[in-house]
Amino acid sequence: MNPLQLCKKLYANYKSQSWWPANSGFEVCVGAILTQNTAWNNVEKAVANLKKAKMLSCEKLADSKLEKIARLIKPSGYYNQKAKSLKLFCQYVQKNYKGSLQRLFSLPVLALRKELLSLHGIGNETADSIILYAAGKPMFVIDAYTKRLNERLPLNPKAETYARLQAFFQSALPKSPRLYNEFHALVVRHCKEACRKKPLCRKCFLKGECEFGKISLKAFY
DNA sequence: GGCCAGGACACCA
DNA sequence: TGGTGTCATGGC
């Protein structure tokens, strides 16, 4: 099975996912940082705290004390690190782009990626999530779910690093932000729900016993 | 009480 | 370039 076939199969089963779960580009950026190695459920609590405190803005986060940000985002875990990452990102946008994400996103995509990666606390996945889901530019996101799915199927066993796996998906798919967006969201949906057994249910999917709804995972694995 | 979750970074060899 | 320790909460 190639990536495009997998995407079609997932889409046929789950339909459109309408991602990213956020109300603005800035909220996508905040969520992308807060979700680092963290369950989304906990990210939602942290974002809700920021909203309630009227702190979900670039200007507010750039000017607030680390301790205050950390207290609000505590439910997302790693709150000291993430408070620092959030504040640095916002200060960077305020200083270099007058607080406008649209100015930042007007950079050519590779330049944008390079700038994001230069910021402390923003690595490959976070940068690519911001580029795809906030800026709307074609950058395929590799996360734990994508890696897991690739290992299980496998799609490309040789693609072991982030860059190689990303290059594999991007070379196999039409260069479309909408497609990258939908595909990644479908992968997350599938990996979250396909198997209710944790962790990873490697034994059960190898036996073909792992099913979710109408979907027999024998077709995938 | 233990394991896990939509990573990133410092440090080391 | 790759391996390891660290950061930390909340759900199950």
Side-chain angles (χ1 to χ4, degrees), chain A residues 6-7 10 14 17-22 25 27-50 52 66-90 92 113-135 139-152 155 158-167 169 177 180-205 210 212:
Chain A
L6 172 64
C7 186
L10 291 171
Y14 298 111
Q17 300 301 298
S18 303
W19 256 37
W20 177 291
E27 194 175 325
V28 171
C29 298
V30 172
I33 290 171
L34 293 182
T35 198
Q36 291 169 357
N37 202 33
T38 300
W40 184 255
N41 194 33
N42 291 344
V43 176
E44 288 180 324
K45 296 177 195 301
V47 170
N49 287 345
L50 289 171
K52 192 175 178 182
L66 284 175
E67 294 76 14
K68 183 177 182 182
I69 301 171
R71 179 168 49 79
L72 292 168
I73 66 169
K74 197 167 186 177
S76 71
Y78 308 111
Y79 47 82
N80 289 318
Q81 288 185 352
K82 289 175 181 176
K84 184 180 173 186
S85 302
L86 278 178
K87 179 164 180 166
L88 284 172
F89 172 75
C90 293
Y92 163 80
R113 190 171 198 271
K114 191 175 178 182
E115 285 218 12
L116 289 172
L117 288 176
S118 73
L119 300 176
H120 180 91
I122 296 186
N124 286 320
E125 185 189 331
T126 307
D128 291 341
S129 294
I130 290 172
I131 292 169
L132 179 62
Y133 290 104
M139 189 63 71
F140 198 87
V141 177
I142 304 298
D143 62 2
Y145 291 136
T146 321
K147 290 174 192 164
R148 188 184 309 168
L149 199 57
N150 181 55
E151 287 167 7
R152 286 186 182 183
L155 291 167
K158 292 181 180 175
E160 292 171 345
T161 65
Y162 188 100
R164 286 179 186 171
L165 196 51
Q166 184 181 48
F169 277 102
Y180 289 179
N181 180 325
E182 193 62 53
F183 195 172
H184 178 236
L186 284 163
V187 167
V188 172
R189 170 79 186 271
H190 177 69
C191 289
K192 273 185 173 178
E193 300 187 15
C195 181
R196 296 169 222 185
K197 295 183 181 179
K198 294 181 179 180
L200 305 193
C201 70
R202 184 162 187 82
K203 287 181 182 175
C204 77
F205 83 72
C210 183
F212 176 73

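All chains are named by letter (A, B, ...) in the order of the sequence lines, taking the proteins before the strands, and each is independently numbered beginning at 1.
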Of all the choices, [options], which nucleotide is nearest to the side chain of [X] once you look at every atom?
X: A:Asn37; options: C:dT9, B:dA5, B:dA8; result: B:dA5
X: A:Ala144; options: C:dT9, B:dG7, B:dA5; result: B:dG7
X: A:Gln81; options: B:dA5, B:dG7, B:dC9; result: B:dG7
X: A:Gln36; options: B:dC9, B:dA8, B:dA5; result: B:dA8

Give me the distance, rounded to whole Å, that separates C:dA8 from B:dG1 when you measure between the P atoms they each carry.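 The answer is 22 Å between these two P atoms.
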For B:dA8 and C:dG10, measure between their P atoms and round to the nearest Å.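 Between the two P atoms, the distance is 22 Å.
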Name the nucleic acid region contacted by [X], choosing base, sugar-phosphate or nothing; use a 4.0 angstrom heavy-atom cut-off, strictly under.
X: A:Ile122; answer: sugar-phosphate
X: A:Leu119; answer: sugar-phosphate
X: A:Glu125; answer: sugar-phosphate
X: A:Thr126; answer: sugar-phosphate

Take the protein atom [atom1] of [X] and the nucleotide atom [atom2] of [N], then report the distance between them rounded to whole Å.
X: A:Leu117; N: B:dG7; atom1: CG; atom2: P; result: 16 Å
X: A:Tyr78; N: B:dC4; atom1: OH; atom2: P; result: 13 Å
X: A:Tyr162; N: B:dA8; atom1: OH; atom2: P; result: 8 Å
X: A:Ile142; N: B:dA8; atom1: CD1; atom2: P; result: 12 Å
X: A:Asn124; N: C:dT1; atom1: CG; atom2: P; result: 14 Å
X: A:Lys74; N: C:dC7; atom1: NZ; atom2: P; result: 15 Å
X: A:Asn41; N: B:dC3; atom1: CG; atom2: P; result: 21 Å
X: A:Ile33; N: C:dA8; atom1: CD1; atom2: C1'; result: 17 Å

Check whether any side-chain heavy atom of A:Trp40 sits under 4.5 Å from a side-chain heavy atom of A:Val188, and report yes or no.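 Counting from C-beta outward, A:Trp40 and A:Val188 never come under 4.5 Å.
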Can you find a heavy atom in the side chain of A:Asp128 that is under 4.5 Å from one in the side chain of A:Ile131?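 When only atoms from C-beta onward are counted, A:Ile131 and A:Asp128 do touch, with a gap below 4.5 Å.
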For the CD atom of A:Gln166 and the CD atom of A:Glu125, what is their distance to the nearest 0.5 Å?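 Output value for this atom pair is 11.0 Å.
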Spacing of OH belonging to A:Tyr162 relative to CG belonging to A:Asn124, to within rounding of 0.5 Å: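 Atom-to-atom, A:Tyr162:OH and A:Asn124:CG are 5.5 Å apart.
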Could you pull out the closest heavy-atom pair between A:Leu34 and A:Lys82, with the gap in Å?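 Residues A:Leu34 and A:Lys82, closest heavy atoms: O-NZ, 2.6 Å.
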Report yes if at least one side-chain N or O of A:Arg71 is closer than 4.0 Å to OP1 or OP2 of C:dT9; otherwise report no.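 Negative; the distance criterion is not met.
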Phosphate OP1/OP2 of C:dG11: any A:Asn42 side-chain N/O under 4.0 Å: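 No, no such contact exists.
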Which of parallel (below 30°), tilted (30 to 60°) and perpendicular (above 60°) describes A:Phe183 and A:Phe169?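 Ring orientation, 0 to 90° scale: perpendicular.
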Position toward the 5' end of DNA chain C (nearest nucleotide), A:Thr38 or A:Lys45: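 First, find each residue's nearest nucleotide; the 5'-ward one identifies A:Thr38.
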